[in-house]
Visitor: 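Here it is: the structure, laid out below.
Each chain gets a letter, A, B and so on, in the order its sequence line appears, and its residues count up from 1.
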Number of protein chains: 2
Amino acid sequence: MAVNLRPVQALQLWQQIALAEVRDDAPDLTLRQTAILLTIYLEPPPHTVRGLAAHLGVTKPVITRALDTMGRMGLVSRHRDQNDRRNVLVKRTVEGALHVERFGDLIIAKAAELPL
Amino acid sequence: MAVNLRPVQALQLWQQIALAEVRDDAPDLTLRQTAILLTIYLEPPPHTVRGLAAHLGVTKPVITRALDTMGRMGLVSRHRDQNDRRNVLVKRTVEGALHVERFGDLIIAKAAELPL
DNA sequence: GTTGAATGATACGGCTCCGAAACGAATTGG
DNA sequence: CCAATTCGTTTCGGAGCCGTATCATTCAAC
């Protein structure tokens, strides 16, 4: 069964999640950072800077900077590829997995609260 | 029937929408701007700077600046309240309504594409 | 009136992000 | 080997957003 939403439900879902994130004290990830983080955690590895840049349709420095920021937050880690030392492999972290999991729970909770 | 999502579905939904927005050429709204815009379009008026600030749990300058930006984009408009000229009433625009509507359609489309 | 409160806007310094260009390191191909 | 390519990073100037503090305007109370 596909997930069917009515227009107002769809917008209310997004509103409620955005509100929850804004009200939360934790620093917000940008839309791009969110897209990168979820790609890393939902799609099969390996993940490289170049691959992520192509996937998002952005330039490489955008990925480098986002990985800098999320690396400082402990959400992802970087390692040189030992087979081709030009590559950087982006890996998941325990803290990042927890963050993503909590975010999924938030979406589920807000979806369940939607009026009919 | 409530909207039930499984964890991976919830995260994939968010990922697909974030990806679509990032790939789009249009400038991204920040999370706060999004929350403000959806609040204006989903909740009954009147909307004031102070009311929106309280609703989001942020300071008033955040709202003023977001309204500046979204006003330049044509997504909202501001008008002095003639009953109490200290207040500013935030109003919807045709362009903003179209933007919100398109965004709702995007969510619905991505939700319908989710794997089971 | 005049004082005090309320509302929204503005000024300031700081931080992050952006795109384009240039860069160093590593690999490939002749 | 050595030039050309690939990959990720860094640099640069510019732009946007942030929180705090302050401001002008308007209203309310006395």
Visitor: Of all nucleotides in DNA chain D with an atom under 4.0 Å from a non-hydrogen atom of chain B, which is the first and which the last going 5' to 3'?
Guide: dC17(D) to dC27(D)
Visitor: How long is the line joining CG of N83(A) and C1' of dA25(C), in whole Å?
Guide: 17 Å
Visitor: Locate the shortest heavy-atom distance separating V58(B) from R32(B); write the atom from each residue and the value.
Guide: CG1-CZ, 4.0 Å
Visitor: Please work out which of the three classes, parallel, tilted or perpendicular, describes the rings of F103(A) and W14(B), given edges at 30° and 60°.
Guide: perpendicular
Visitor: Tell me whether the OP1 or OP2 atom of dG8(C) has a side-chain N or O from N87(B) closer than 4.0 Å.
Guide: yes
Visitor: Is a donor on one side and an acceptor on the other found under 3.5 Å between the side chain of T93(A) and the backbone of L75(A)?
Guide: yes
Visitor: Any donor-acceptor pair under 3.5 Å linking the side chain of R23(A) with the backbone of H55(B)?
Guide: yes
Visitor: Measure across M70(A) and L37(A) and return the closest heavy-atom pair with its distance rounded to 0.1 Å.
Guide: SD-CB, 4.0 Å
Visitor: Answer yes or no: is there a donor N or O on one side and an acceptor on the other, between the side chain of E43(A) and the main chain of I40(A), under 3.5 Å?
Guide: no
Visitor: Determine whether a donor-acceptor pair (N or O, by modelled atom type, separation under 3.5 Å) exists between the side chain of R92(A) and the backbone of A97(A).
Guide: no
Visitor: Using a 4.0 Å cut-off on protein heavy atoms (strictly under), produce a 5'-to-3' string for nucleotides 12-21 of chain C with B for base contact, S for backbone-only sugar-phosphate contact, and - for none.
Guide: -----SBBBB
Visitor: Starting at CG of L67(A), measure out to CZ of R78(A) and round the result to the nearest 0.5 Å.
Guide: 5.0 Å
Visitor: Check each residue of residues 43-50 of chain A for a non-hydrogen atom within less than 4.0 Å of any atom in DNA chain D, then write out the ones that pass by number, or none.
Guide: T48(A), V49(A), R50(A)
Visitor: Are the side chain of Q9(B) and the backbone N or O of P115(B) linked by a donor-acceptor pair below 3.5 Å?
Guide: yes
Visitor: Would you find a donor on one side and an acceptor on the other, under 3.5 Å apart, between the side chain of T48(A) and the backbone of L89(A)?
Guide: no
